[in-house]
Asks: 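The structure that follows is given in the form of structure tokens.
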Amino acid sequence: MTTLSAKENIQAIVKAIKAEEAKLRQKHPLLAHQNTIGMAILLLSLSALIGVGALYYFAIIPAWLCIILAAIAASISHELEHDLIHKQYFSNQPFLHNFMMLTVWLMRPNTISPWYRRKMHLHHHKVSGTEQDLEERLVGNGIKKPLLRALVIVDGLLGLLINAKRFSKEIKGFSFFKVFNAGFPVTTAYFAILYSVIVFHLVDLFTPLAANSPALLLDIMAVFEFLMVVLIVPNIVRSSSLNFVTSSMHYYGGVNNMLEQTHVITSRLFAPFNLFCFNFGHTHTIHHFVPNQPFYLRQMISKKVLEVMKKHGVRFNDFASIKQANRYQAS
């Protein structure tokens, strides 16, 4: 780290990010059409998700390929939701803005409502790295026990149930039912389908349930199993990858300023996870310094900006912190 103060380092990073963005916008006038770009990306990713589902339905691609491709398409919708939370698209046109919000939720049904998440995420920026950061703690940040952490990363509902008592004591204003109800009706339907399929096949292992069930139930299960392949499992892959990356790169405890809120993950070991969360580990730290910036711009400027970040004290691949429940350890 340079001899500059933390404040001076932060200012240098912010200045570099904004300067690189300004250069890009000057070089590519098309970037001025931010609303159109956002809507186009949404419609393309939605079309890709529907198209992949259709290919699987007509047995043109196998289930495993459908899951991978659908997870990638859904990961783009997460980035769009992140931008929408910061009102990057159609902020003055409520109908189109809310249409986009609803669409990205339907593409990622294992998340809470994006309208509720907006409050949680904006609060995250204010309290990142502390026990008050509900958003990150919900996905495993600050948990030291590997098995518990893995469970929270993979299954948000079980994680919420397990941690509810602890969160009630430690997080101001936390309410289990507020968070749980924030998923109604989309997330509620997602978990109903997921656990229905799991229970059905578990029971069928011990008793011939499939052979003795009424035709209507079997028809419903056939629909549920199709949804498992085209939407449910892809989002388990997507959200687990994202949760693993974000909970690994955010610090928890020992944080005093923006330089200490996150580290950048560029390790090749995380490449498979970054694939399913649109390179989140490489670029999310940029967002902490300049929140009001579309995700595709972060990707475009990341190569130059990450060099500036490293020069001004942002850490890279600080995996030792994960062993210490993400605590930031001063050098």
Side-chain angles (χ1 to χ4, degrees), residues 1-28 31 34 37 41 72 75-76 78-80 82-83 85-86 88 121 124-125 128-129 133 135-136 139 141 241-252 254-322 326-331:
M1 188 171 175
T2 68
T3 55
L4 299 175
S5 67
K7 183 178 180 180
E8 289 171 328
N9 279 301
I10 292 167
Q11 289 173 340
I13 292 170
V14 171
K15 183 179 178 180
I17 293 170
K18 291 183 176 180
E20 289 300 323
E21 179 179 345
K23 288 179 187 177
L24 268 181
R25 289 189 180 278
Q26 186 175 16
K27 186 177 180 180
H28 304 289
L31 292 173
Q34 195 160 299
I37 293 171
I41 293 172
I72 293 172
S75 73
I76 297 172
H78 170 79
E79 293 300 307
L80 286 168
H82 197 179
D83 286 353
I85 283 171
H86 289 278
Q88 293 299 291
H121 183 71
H124 157 72
H125 279 280
S128 184
D133 188 359
E135 184 178 61
E136 282 303 315
V139 297
N141 189 245
S241 298
L242 174 65
N243 293 347
F244 179 50
V245 173
T246 189
S247 67
S248 297
M249 69 183 298
H250 282 86
Y251 288 106
Y252 176 76
V255 174
N256 298 298
N257 56 64
M258 204 178 294
L259 286 173
E260 301 170 357
Q261 290 179 353
T262 61
H263 60 100
V264 181
I265 295 180
T266 57
S267 170
R268 291 181 180 179
L269 294 174
F270 274 71
F273 306 105
N274 272 319
L275 173 65
F276 294 114
C277 59
F278 211 81
N279 210 27
F280 193 89
H282 281 245
T283 61
H284 183 67
T285 296
I286 299 172
H287 173 70
H288 271 249
F289 289 93
V290 180
N292 296 318
Q293 185 180 68
F295 76 98
Y296 49 85
L297 280 180
R298 288 197 296 277
Q299 297 291 336
M300 295 169 77
I301 67 174
S302 62
K303 185 175 181 180
K304 291 183 178 179
V305 168
L306 292 186
E307 292 176 1
V308 176
M309 286 184 168
K310 185 176 287 187
K311 177 182 175 183
H312 287 279
V314 174
R315 293 180 181 177
F316 282 63
N317 303 312
D318 184 10
F319 300 132
S321 66
I322 301 174
N326 304 104
R327 185 168 184 83
Y328 183 89
Q329 302 284 354
S331 299

Asks: One pair to check against side-chain contact (heavy atoms from CB on, under 4.5 Å): Phe280 and Leu242. What are the steps and the verdict?
Replies: CA-CA 7 Å; Phe280 193 89; Leu242 174 65; 3.7 Å; yes
Asks: Measuring from Leu297:CG to Phe295:CZ, what's the distance to the nearest 0.5 Å?
Replies: 9.5 Å
Asks: For the residue pair Ser248 and Ser321, what are the closest heavy atoms and their distance?
Replies: O-OG, 4.5 Å
Asks: Should Ile265 and Phe273 be marked as a side-chain contact (heavy atoms from CB on, under 4.5 Å) after you check the CA-CA gap, both sets of side-chain angles, and the distance that decides it?
Replies: CA-CA 11 Å; Ile265 295 180; Phe273 306 105; over 6 Å; no
Asks: Search all heavy atoms of Glu21 against all heavy atoms of Ile301 and return the closest pair with its distance.
Replies: N-CG2, 4.2 Å
Asks: Please check if the side chain of Ser128 supplies one atom and the backbone of His125 the other of a donor-acceptor pair under 3.5 Å.
Replies: no
Asks: Tell me if a side-chain donor or acceptor on Gln34 pairs with a main-chain N or O of Gln88 at a distance below 3.5 Å.
Replies: yes
Asks: For Leu24, is there any backbone N or O sitting under 3.5 Å from a side-chain donor or acceptor partner on His28?
Replies: no
Asks: Let me confirm one number: the CZ-OG distance from Phe278 to Ser75, rounded to the nearest 0.5 Å.
Replies: 6.5 Å
Asks: Checking the side chain of His124 only, and the main-chain atoms of Glu135 only, is there a donor and an acceptor separated by less than 3.5 Å?
Replies: no
Asks: If we only count heavy atoms from C-beta on, is the His250 to Asn326 side-chain gap below 4.5 Å?
Replies: no
Asks: Determine the minimum heavy-atom distance between Pro291 and His86, stating which atoms define it.
Replies: CB-CE1, 3.8 Å
Asks: Side chain of Arg25, backbone of Leu31: donor and acceptor closer than 3.5 Å?
Replies: yes
Asks: Side-chain donor-acceptor pair under 3.5 Å between His284 and His288, yes or no?
Replies: yes
Asks: Checking side-chain hydrogen bond (donor to acceptor under 3.5 Å, both in side chains) between Thr266 and each of Asn274, Asn279, Asn317, which is the one that passes?
Replies: Asn317
Asks: Does Arg298 use its side chain to pair, donor to acceptor, with the backbone of His287 at less than 3.5 Å?
Replies: no
Asks: Any non-hydrogen side-chain atom of Ser302 less than 4.5 Å from a side-chain atom of Ile286?
Replies: yes
Asks: Rounded to the nearest 0.5 Å, what's the gap from CD on Glu79 to CD on Gln299? Could you check?
Replies: 7.0 Å
Asks: Which value, rounded to the nearest 0.5 Å, describes the distance between Gln293 atom CD and Lys18 atom NZ?
Replies: 10.0 Å
Asks: Check for a donor-acceptor pair, side chain of Asp83 on one end and backbone N or O of Pro294 on the other, with a separation under 3.5 Å.
Replies: no
Asks: When rounded to the nearest 0.5 angstrom, what distance separates CZ in Phe289 from CD1 in Ile10?
Replies: 6.0 Å
Asks: Mark yes or no for whether Asn257, through its side chain, and Lys7, through its backbone, hold a donor-acceptor pair below 3.5 Å.
Replies: no
Asks: When you measure from the centre of the six-membered ring of Tyr328, is the NZ or CZ of Arg315 under 6.0 Å away and within 45° of the axis?
Replies: yes
Asks: Identify the two heavy atoms, one from Ala12 and one from His312, that lie closest to each other, and give their separation to 0.1 Å.
Replies: CB-CE1, 3.5 Å
Asks: Measuring from atom CZ of Arg327 to atom OH of Tyr251, what distance do you get when rounded to the nearest 0.5 angstrom?
Replies: 12.0 Å
Asks: Where do Ala16 and Val308 come nearest, in terms of heavy atoms and distance?
Replies: CB-CG1, 3.7 Å
Asks: How about Phe270 and Phe319: are their ring centres within less than 6.0 Å of each other?
Replies: yes
Asks: Could you check whether any side-chain N or O of Asn9 sits under 3.5 Å from a backbone N or O of Ser5, counting only pairs where one atom can act as donor and the other as acceptor?
Replies: yes
Asks: Does Glu20 pair with Lys23 as a salt bridge, N-O distance under 4.0 Å?
Replies: yes
Asks: Has the side chain of His263 got a donor or acceptor atom that lies under 3.5 Å from a matching backbone atom of Thr285?
Replies: no
